[in-house]
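Below is one structure; the comments refer to it alone.
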Amino acid sequence: MNQPKRYLITAALPYANGLKHIGHLAGAYLPADIYVRYLRAQKRDVAFICGSDEHGTAIPIQARKEGTTPRAIIDKYHELIKQNFADLGISFDIYHRTSSPIHHETSQEFFTYLNSRGELEVKESEQYYDEEAKTFLADRYIVGTCPVCGNTRAYGDQCENCGTSLSPEQLINPHSTLSGTPPVKKSTKHWYLPLNRHEDFLREWILKEHATDWRANVVGQCKSWIDGGLQPRAVTRDLDWGVKVPLPEAEGKVLYVWFDAPIGYISATRQWAIDTGKDWKPYWYDKDTQLVHFIGKDNIVFHAIIFPIMLKLHGNILPENVPANEFMNLEGDKMSTSRNWKLDMQDYIDDFIKKENGGPQLADSLRYYLTTIAPETKDSEFMWKGFQDANNSELVAKFGNFVNRTFVLMHKLCNGKVPPLHAGRVDETDKEMMAAIGATKTKVEKLLEEYRFRDAQFEVMMLSDLANKYMQKKEPWIVARSLAVTPENQQLIDNCLHICLQVTANLAILINPFLPFTAKKMLHMMKVVEKMLDWENAGKLNLLSVGYSLRAPELLFRKIEDEEVKVQIAKLQAASAARIVDAEGAGASAGAGAAGAAAGEKGGAAAGGVAAVQEAKGTIVYDDFAKLDLRVGTIVTAEKVEKADKLLKLGVDLGSEVRTIVSGIALHFRPEEIVGRQVVVVANLAPRKMRGIESNGMILMAEDKAGKLHFVNPAEPIEPGAGVS
Ligand SMILES: [Zn+2]
């Protein structure tokens, strides 16, 4: 393949309604940054584009909740997220905003162009309207009873209990989550992008042309979308927050956020060009540009199907690749903002980078671990213990140790200067070590070009591993100690350290895309300029000149202590437990304690959570309450959980199934006395593992003044599975 003239690299625009967690970082931003840093080191022309997605219904809804304006919400999160990325070394060329005038103008031009060429369809339709809130309702903001499973909290787009895709028409007793009133139908006109017109193009372009060079998960997801039948998709909606539809007859309508958000890449590129005095057009129109979208798997359909259709119709280039990652879980569970089971970038920055004994090296520790577990082909798992191991036994014990020993020995045995290489004394071991440098460069390069970042980083670490073994074999310190150092012996020492120093310089170049703060520190120690990091220097064996004096060694990484890991795990469990109790407090009367997932293994965490419930809580909107799927169940089995004196494993009949629920009530009830009891279950609580048992739900309990727990249940026995609302 010919090398493209320029690269346009985008990373998914984060939604500016809250902090982003490390799953997001690992999914799109870190791999994109590694790729871009590599391209820059290759001296290629590259623009790295990102920014805040600031439209959509969630932002005004959240503003209403917080009693503030949408503008205040986006201003706050735009700045926070931007700073988080900077602290973690994500090196965007621009971090733009879709609320900017240039974005509104660019999106409106895009819409007008497509509309004027007949690429959009206009349809009149009846849509749900909330007369009290005076607004049309997105499907997600309508809830009602699922016609399939009877779940009383099904959304207008999907029932989360049985997974059925729904439309609001199918719901029984639909009502608005904004006002609680039943929505009425009202006629409205909208513009649609007929995706169905482009099926042949998509089949040809994705399923044939990119069948092998795109990741299998991406091609697979596209194929199932195309095979499932493409439908016209509404481009406009009735809302007052977003990019106004540039037509006189479209008063009160804005562009759908899915339509304007990806155009955000184009408007950001325009702004970047203005800021830097460049021409933006070749980046979006010239076929010699390689466009790559880095995204998480939830974004595949937008970046591989819908946006390419828009780009094609608008006369732009198409993406060359869409390397989407799968998801990253955290400590055995899906990362989730709503359940508070997550690690925000902000939290990591506060707890590690900003702390005493922290600093940017800790940014690299996170970058390193996230890349070793990058979910490139399947979901992966962030474990705090794994983070500690990767840092301590790989970064500290291998890479850092090699660089440190090299510098210490060079100062001790070679007067702090780069020793010469005595050609006549070079042996096979030396030659192998030198050959490994060039071989590593070739491998890393190939892997990076294929978007295989995990494997590429692994190869760099292998080189440091090899170098440790090389030094161990050569034992220059023994040579120095064993005899009065003869010129002969000094030559052996010189050769070993000369080679180790050239390896060190190469490691700096090769690790730079992955761990940029570390590379910078190495440059400082070697007293060389940043230009040495140019990729063309990788593989060279004369990067440090003979006789050049180098600085004293500094430690590249610090150990992560057991205590730090413990603190993080406890923090995660406490935050999650508090959130679960919160959610329950919203669904049951005050005083109901959490016996179940919240009262899990960690007594401390659960206690913290239960205490929180005793305080009066702030008002919530109906939507928060509506998220709970509460049901009546009958306990059919109960047994003690081994080695856990607080836990009982329960089988609870919910009508359609018997659920396993682990509940923290063993100190209050004997198993045999509760079989047959009716209880109220939070049925849609995400599964949690406790003592190796997966618990699927939570039993509601009320706690009296004496701290005794009581079941919450219907006054008369009723059929299991009945909804509670
Ligand atoms: Zn259902």
Side-chain angles (χ1 to χ4, degrees), residues 57-58 61 126-128 130 137-185 221 224-225 228-229 231 297-298 301 327 333-334 336-339 341 580 583-584 586-588 596-597 620-636 650-661 678-688 694-700 712-714 717-725:
T57 43
I61 284 173
E126 299 252 287
Q127 296 209 350
Y128 282 108
D130 184 327
L137 293 165
D139 294 352
R140 195 75 189 173
Y141 295 99
I142 301 171
V143 292
T145 301
C146 171
V148 178
C149 74
N151 168 23
T152 54
R153 308 266 172 251
Y155 293 107
D157 56 352
Q158 195 185 27
C159 170
E160 306 232 311
N161 187 51
C162 67
T164 308
S165 271
L166 297 170
S167 64
E169 287 78 13
Q170 294 170 286
L171 291 176
I172 301 157
N173 296 326
H175 47 270
S176 162
T177 59
L178 299 182
S179 66
T181 57
V184 296
K185 287 248 179 143
Q221 220 189 89
S224 68
W225 266 81
Q231 303 295 327
K297 70 173 163 190
D298 49 341
V301 63
F327 290 149
D333 205 346
K334 270 213 165 74
S336 154
T337 298
S338 59
R339 287 185 294 110
W341 191 261
I580 289 165
E584 183 194 322
I620 59 158
V621 293
Y622 183 81
D623 188 30
D624 283 342
F625 168 68
K627 286 176 188 159
L628 289 168
D629 183 8
L630 300 174
R631 284 159 187 281
V632 174
T634 305
I635 297 175
V636 289
L650 309 175
V652 182
D653 182 2
L654 289 179
S656 54
E657 58 170 311
V658 174
R659 285 278 184 101
T660 298
I661 297 176
Q678 285 213 307
V679 291
V680 174
V681 174
V682 184
N684 60 343
L685 194 63
R688 288 280 300 276
E694 189 176 278
S695 180
N696 284 285
M698 181 169 77
I699 310 274
L700 290 192
V712 175
N713 53 23
I718 59 172
E719 78 286 355
V724 179
S725 55

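Counting from 1, the numbers follow the sequence of the chain as shown. Whatever order the structure lists them in is the order used to number ligands and atoms, beginning at 1. Values reported hereafter were calculated over all heavy atoms of this structure, with side chains retained and with hydrogens, waters and symmetry mates removed.
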Checklist outcome for this item: Residues at least two apart in sequence or cross-chain that pass side-chain hydrogen bond (donor to acceptor under 3.5 Å, both in side chains) with S336, listed by chain then number, are S338

Checklist outcome for this item: Of all heavy-atom pairs linking D653 and P720, the shortest is O-CB, 3.3 Å

Checklist entry - the Zn ion (ligand 1): which protein N, O or S atoms are under 2.8 Å away? => result C146 SG, C149 SG, C159 SG, C162 SG

Checklist entry - If you measure from CG on D629 to OG1 on T152, what distance do you get to the nearest 0.5 Å? => result 6.0 Å

Next on the checklist: For the CD atom of Q170 and the OG1 atom of T145, what is their distance to the nearest 0.5 Å?
Outcome noted: 13.5 Å

Next on the checklist: Less than 3.5 Å apart, any donor N or O on the side chain of S165 or Q158 sitting next to an acceptor on the other?
Outcome noted: no

Next on the checklist: I'd like to know if the side chain of N684 and the backbone of K627 have a donor-acceptor N/O pair within less than 3.5 Å.
Outcome noted: yes

